[in-house]
Amino acid sequence: AQTVTQSQPEMSVQEAETVTLSCTYDTSENNYYLFWYKQPPSRQMILVIRQEAYKQQNATENRFSVNFQKAAKSFSLKISDSQLGDTAMYFCAFTYNNNDMRFGAGTRLTVKP
Amino acid sequence: EAQVTQNPRYLITVTGKKLTVTCSQNMNHEYMSWYRQDPGLGLRQIYYSMNVEVTDKGDVPEGYKVSRKEKRNFPLILESPSPNQTSLYFCASSLLAGATDTQYFGPGTRLTVL
(Lines give C-alpha, C1' and ligand atoms only; values in the text may rest on other atoms or scores of the structure.)
Protein backbone atom coordinates (compact mmCIF):
# COMPACT_ATOMS: atom_id res chain seq x y z
CA ALA A 1 0.00 0.00 0.00
CA GLN A 2 1.16 3.51 -0.77
CA THR A 3 1.00 5.69 2.33
CA VAL A 4 2.20 9.13 3.31
CA THR A 5 2.89 10.05 6.92
CA GLN A 6 3.34 13.50 8.40
CA SER A 7 4.22 13.03 12.05
CA GLN A 8 3.99 16.69 13.10
CA PRO A 9 0.36 17.83 13.35
CA GLU A 10 1.40 21.36 14.36
CA MET A 11 4.55 23.44 14.29
CA SER A 12 5.48 27.03 14.89
CA VAL A 13 8.43 29.18 13.95
CA GLN A 14 9.53 32.76 14.52
CA GLU A 15 9.46 35.08 11.57
CA ALA A 16 12.75 35.07 9.62
CA GLU A 17 13.83 31.73 11.06
CA THR A 18 14.04 28.34 9.37
CA VAL A 19 11.68 25.43 9.88
CA THR A 20 11.63 21.88 8.56
CA LEU A 21 8.48 19.83 8.06
CA SER A 22 8.79 16.06 7.95
CA CYS A 23 7.22 13.55 5.59
CA THR A 24 7.79 9.86 5.12
CA TYR A 25 6.16 7.57 2.62
CA ASP A 26 5.90 3.90 1.93
CA THR A 27 6.09 2.40 -1.53
CA SER A 28 7.65 -0.48 -3.39
CA GLU A 29 7.80 1.55 -6.59
CA ASN A 30 11.06 2.91 -7.94
CA ASN A 31 9.74 5.79 -10.03
CA TYR A 32 7.36 8.26 -8.43
CA TYR A 33 6.73 11.91 -7.70
CA LEU A 34 6.54 13.76 -4.41
CA PHE A 35 4.91 17.10 -3.72
CA TRP A 36 4.42 19.66 -1.02
CA TYR A 37 1.17 21.62 -1.15
CA LYS A 38 0.30 24.66 0.94
CA GLN A 39 -3.22 25.44 2.12
CA PRO A 40 -3.53 28.92 3.67
CA PRO A 41 -6.62 30.00 5.63
CA SER A 42 -8.28 30.82 2.32
CA ARG A 43 -8.38 27.00 1.77
CA GLN A 44 -6.86 27.32 -1.68
CA MET A 45 -4.40 24.49 -2.36
CA ILE A 46 -1.15 25.72 -3.85
CA LEU A 47 1.74 23.63 -5.12
CA VAL A 48 4.94 24.58 -3.31
CA ILE A 49 7.46 22.16 -4.74
CA ARG A 50 7.71 18.80 -6.51
CA GLN A 51 10.44 16.18 -6.68
CA GLU A 52 10.91 13.37 -9.18
CA ALA A 53 12.28 10.27 -7.53
CA TYR A 54 14.77 9.52 -10.29
CA LYS A 55 16.45 12.89 -9.79
CA GLN A 56 19.23 12.89 -7.21
CA GLN A 57 19.27 16.65 -6.83
CA ASN A 58 16.94 18.13 -4.23
CA ALA A 59 14.32 20.50 -5.62
CA THR A 60 14.43 24.17 -4.65
CA GLU A 61 11.93 26.99 -5.14
CA ASN A 62 13.13 30.29 -3.70
CA ARG A 63 12.91 29.96 0.10
CA PHE A 64 11.55 26.42 -0.11
CA SER A 65 13.75 23.38 -0.50
CA VAL A 66 13.42 19.68 0.10
CA ASN A 67 15.65 17.03 1.56
CA PHE A 68 14.83 13.91 -0.43
CA GLN A 69 16.26 10.72 1.02
CA LYS A 70 15.09 7.93 -1.29
CA ALA A 71 16.54 5.04 0.68
CA ALA A 72 14.96 6.29 3.88
CA LYS A 73 11.71 7.21 2.04
CA SER A 74 11.85 10.64 3.54
CA PHE A 75 10.86 13.95 1.94
CA SER A 76 11.17 16.92 4.28
CA LEU A 77 10.40 20.55 3.42
CA LYS A 78 12.65 23.34 4.62
CA ILE A 79 11.33 26.89 4.71
CA SER A 80 14.02 29.51 5.10
CA ASP A 81 13.48 33.09 6.24
CA SER A 82 9.92 32.28 7.30
CA GLN A 83 7.32 34.93 6.57
CA LEU A 84 3.91 35.55 8.11
CA GLY A 85 2.34 34.55 4.79
CA ASP A 86 3.81 31.07 5.18
CA THR A 87 1.25 30.36 7.90
CA ALA A 88 -0.79 27.48 6.46
CA MET A 89 -1.45 23.77 6.43
CA TYR A 90 1.21 21.91 4.51
CA PHE A 91 0.47 18.61 2.84
CA CYS A 92 2.99 16.12 1.57
CA ALA A 93 1.71 14.09 -1.40
CA PHE A 94 2.86 11.18 -3.52
CA THR A 95 1.96 9.57 -6.82
CA TYR A 96 3.57 6.68 -8.65
CA ASN A 97 1.15 5.62 -11.36
CA ASN A 98 0.37 8.98 -12.89
CA ASN A 99 -3.23 8.68 -11.78
CA ASP A 100 -3.98 8.69 -8.10
CA MET A 101 -2.49 10.92 -5.46
CA ARG A 102 -1.93 10.09 -1.81
CA PHE A 103 -1.76 12.89 0.73
CA GLY A 104 -0.50 13.00 4.27
CA ALA A 105 -2.67 14.26 7.12
CA GLY A 106 -1.00 17.67 7.03
CA THR A 107 1.12 19.88 9.31
CA ARG A 108 -0.30 23.15 10.54
CA LEU A 109 2.48 25.74 10.51
CA THR A 110 2.20 29.03 12.36
CA VAL A 111 4.74 31.77 11.75
CA LYS A 112 4.95 34.08 14.75
CA PRO A 113 5.92 37.74 14.46
CA GLU B 1 -8.16 34.29 -15.72
CA ALA B 2 -7.11 30.64 -15.66
CA GLN B 3 -8.98 28.91 -12.88
CA VAL B 4 -10.92 25.98 -11.52
CA THR B 5 -14.36 26.89 -10.25
CA GLN B 6 -16.66 24.93 -7.99
CA ASN B 7 -20.29 25.48 -7.11
CA PRO B 8 -21.72 25.74 -4.62
CA ARG B 9 -19.04 26.86 -2.18
CA TYR B 10 -21.19 25.94 0.80
CA LEU B 11 -24.08 23.49 1.01
CA ILE B 12 -26.16 22.16 3.86
CA THR B 13 -28.50 19.34 2.94
CA VAL B 14 -30.35 16.40 4.44
CA THR B 15 -29.73 12.69 4.23
CA GLY B 16 -30.90 11.13 0.99
CA LYS B 17 -31.43 14.29 -1.04
CA LYS B 18 -29.49 13.98 -4.28
CA LEU B 19 -27.00 16.75 -5.00
CA THR B 20 -24.40 17.73 -7.55
CA VAL B 21 -21.26 19.77 -7.02
CA THR B 22 -20.06 21.27 -10.26
CA CYS B 23 -16.45 21.73 -11.29
CA SER B 24 -15.27 23.62 -14.32
CA GLN B 25 -11.83 24.57 -15.62
CA ASN B 26 -10.99 26.99 -18.40
CA MET B 27 -7.43 25.84 -19.06
CA ASN B 28 -8.16 23.02 -21.52
CA HIS B 29 -6.74 20.54 -19.03
CA GLU B 30 -6.86 16.82 -19.75
CA TYR B 31 -6.85 15.53 -16.18
CA MET B 32 -9.41 16.30 -13.50
CA SER B 33 -9.89 14.88 -10.04
CA TRP B 34 -12.06 15.11 -6.94
CA TYR B 35 -10.79 14.97 -3.35
CA ARG B 36 -12.33 15.18 0.05
CA GLN B 37 -10.51 16.70 2.99
CA ASP B 38 -11.19 15.57 6.54
CA PRO B 39 -9.34 16.57 9.73
CA GLY B 40 -6.51 14.21 10.55
CA LEU B 41 -6.84 12.41 7.22
CA GLY B 42 -5.59 14.97 4.74
CA LEU B 43 -6.98 14.79 1.22
CA ARG B 44 -8.29 11.56 -0.19
CA GLN B 45 -9.00 11.03 -3.85
CA ILE B 46 -12.56 10.14 -4.80
CA TYR B 47 -12.50 9.89 -8.59
CA TYR B 48 -10.29 11.09 -11.40
CA SER B 49 -10.59 11.49 -15.14
CA MET B 50 -7.79 11.23 -17.66
CA ASN B 51 -9.89 12.65 -20.49
CA VAL B 52 -13.43 12.98 -21.81
CA GLU B 53 -15.50 9.85 -21.12
CA VAL B 54 -12.60 8.31 -19.15
CA THR B 55 -13.09 8.13 -15.39
CA ASP B 56 -11.73 5.88 -12.68
CA LYS B 57 -12.06 5.31 -8.97
CA GLY B 58 -9.69 6.82 -6.47
CA ASP B 59 -9.21 5.88 -2.86
CA VAL B 60 -12.73 6.54 -1.53
CA PRO B 61 -15.32 6.30 -4.35
CA GLU B 62 -18.19 4.74 -2.40
CA GLY B 63 -21.31 6.90 -2.43
CA TYR B 64 -20.12 9.15 -5.26
CA LYS B 65 -20.54 9.31 -9.00
CA VAL B 66 -18.85 11.44 -11.64
CA SER B 67 -19.13 12.09 -15.34
CA ARG B 68 -16.88 13.71 -17.92
CA LYS B 69 -18.98 14.51 -20.95
CA GLU B 70 -17.04 17.65 -21.77
CA LYS B 71 -13.39 18.41 -21.25
CA ARG B 72 -14.00 21.43 -19.04
CA ASN B 73 -16.59 19.97 -16.65
CA PHE B 74 -16.33 17.23 -14.05
CA PRO B 75 -19.38 17.19 -11.75
CA LEU B 76 -19.47 15.19 -8.52
CA ILE B 77 -22.81 13.55 -7.79
CA LEU B 78 -24.04 12.28 -4.45
CA GLU B 79 -27.12 10.18 -5.23
CA SER B 80 -28.10 9.64 -1.60
CA PRO B 81 -25.91 11.70 0.72
CA SER B 82 -25.22 10.50 4.22
CA PRO B 83 -23.75 12.32 7.25
CA ASN B 84 -20.37 10.60 6.76
CA GLN B 85 -20.04 12.53 3.51
CA THR B 86 -19.89 15.79 5.42
CA SER B 87 -16.55 17.13 4.31
CA LEU B 88 -14.60 19.75 2.38
CA TYR B 89 -14.43 18.84 -1.29
CA PHE B 90 -11.83 19.95 -3.82
CA CYS B 91 -11.77 19.63 -7.56
CA ALA B 92 -8.41 19.80 -9.33
CA SER B 93 -7.13 19.75 -12.88
CA SER B 94 -3.82 19.46 -14.67
CA LEU B 95 -2.73 20.01 -18.24
CA LEU B 96 -1.30 16.60 -18.90
CA ALA B 97 -3.10 13.35 -18.33
CA GLY B 98 -1.79 12.33 -14.96
CA ALA B 99 -1.27 13.42 -11.42
CA THR B 100 2.45 14.01 -11.94
CA ASP B 101 1.76 17.32 -13.61
CA THR B 102 1.03 20.38 -11.48
CA GLN B 103 -2.53 20.24 -10.25
CA TYR B 104 -4.63 23.40 -9.96
CA PHE B 105 -7.24 23.26 -7.25
CA GLY B 106 -10.64 24.85 -7.02
CA PRO B 107 -11.63 26.91 -3.96
CA GLY B 108 -13.37 24.02 -2.21
CA THR B 109 -16.98 23.15 -1.36
CA ARG B 110 -17.98 22.78 2.26
CA LEU B 111 -20.75 20.15 2.41
CA THR B 112 -22.78 19.36 5.50
CA VAL B 113 -25.22 16.45 5.44
CA LEU B 114 -27.70 16.44 8.33
Side-chain angles (χ1 to χ4, degrees), chain A residues 1-10 21-27 29-55 59 61 64 75 88-109, chain B residues 1-6 8-10 23 25 27 29-51 54-61 66 68 87-111:
Chain A
Q2 326 291 332
T3 59
V4 179
T5 303
Q6 293 178 250
S7 58
Q8 306 151 314
E10 293 189 23
L21 309 183
S22 301
C23 173
T24 58
Y25 56 94
D26 186 25
T27 183
E29 302 293 330
N30 194 43
N31 293 320
Y32 48 86
Y33 293 77
L34 295 157
F35 308 82
W36 278 98
Y37 278 89
K38 170 185 177 181
Q39 186 181 43
S42 66
R43 299 188 332 202
Q44 186 72 42
M45 292 285 287
I46 303 162
L47 178 66
V48 175
I49 201 164
R50 67 194 287 253
Q51 174 82 41
E52 296 155 38
Y54 63 87
K55 289 188 176 179
E61 286 288 340
F64 299 87
F75 184 60
M89 279 287 283
Y90 287 83
F91 293 98
C92 179
F94 161 95
T95 186
Y96 73 98
N97 63 0
N98 214 36
N99 294 326
D100 62 277
M101 290 275 282
R102 300 296 170 100
F103 285 79
T107 296
R108 185 175 301 280
L109 176 68
Chain B
E1 180 190 354
Q3 59 184 349
V4 179
T5 57
Q6 293 178 229
R9 295 288 308 279
Y10 300 89
C23 173
Q25 49 91 6
M27 297 171 279
H29 283 176
E30 302 277 341
Y31 180 91
M32 297 186 75
S33 183
W34 275 104
Y35 300 89
R36 60 177 290 174
Q37 182 180 357
D38 301 290
L41 296 177
L43 279 78
R44 292 178 292 168
Q45 194 170 37
I46 303 170
Y47 270 95
Y48 61 89
S49 170
M50 303 285 279
N51 211 326
V54 180
T55 64
D56 210 344
K57 297 177 181 178
D59 216 14
V60 288
V66 293
R68 188 93 182 271
S87 188
L88 178 59
Y89 291 86
F90 286 98
C91 179
S93 72
S94 63
L95 179 61
L96 301 176
T100 55
D101 196 14
T102 300
Q103 289 195 66
Y104 295 84
F105 283 78
T109 295
R110 172 75 67 187
L111 173 65

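Order of the sequence lines fixes the chain letters, A, B, ..., with proteins taken first and strands second; residue numbering starts at 1 for each chain.
- Heavy-atom minimum distance, B:Leu43 versus A:Phe103: O-CB, 3.3 Å.
- Nearest heavy atoms, A:Ala105 versus B:Gly40: CB-O, 3.3 Å.
- Here OH of B:Tyr35 is found 5.0 Å from CE of A:Met101. Values are rounded to the nearest 0.5 Å.
- Counting heavy atoms from C-beta on, the side chains of A:Gln44 and B:Phe105 come closer than 4.5 Å.
- If you measure heavy-atom distances from A:Gln39 to chain B, the contacts under 4.5 Å come from the side chain alone.
- When the shell of 6.0 Å around CZ of B:Arg9 is examined, it contains more than 12 heavy atoms from other residues, nucleotides or ligands.
- Proximity to chain A is limited to the backbone of B:Leu41, based on heavy atoms less than 4.5 angstrom apart.
- B:Thr109 and A:Arg43 get closest at one heavy-atom pair: N-NH2, 4.2 Å.
- Among B:Pro39, B:Gly58, B:Gly106, B:Ala92, the residue making the largest number of heavy-atom pairs under 4.5 Å with chain A is B:Gly106.
- Atom OH of A:Tyr25 sits in a crowded spot, with more than 12 heavy atoms from other residues, nucleotides or ligands closer than 6.0 Å.
- Residue A:Arg102 holds its CZ atom at 4.0 Å from CG of B:Asp59, rounded to the nearest 0.5 Å.
- Proximity of A:Phe35 to B:Gln103: side-chain heavy atoms (C-beta onward) are nowhere separated by under 4.5 Å.
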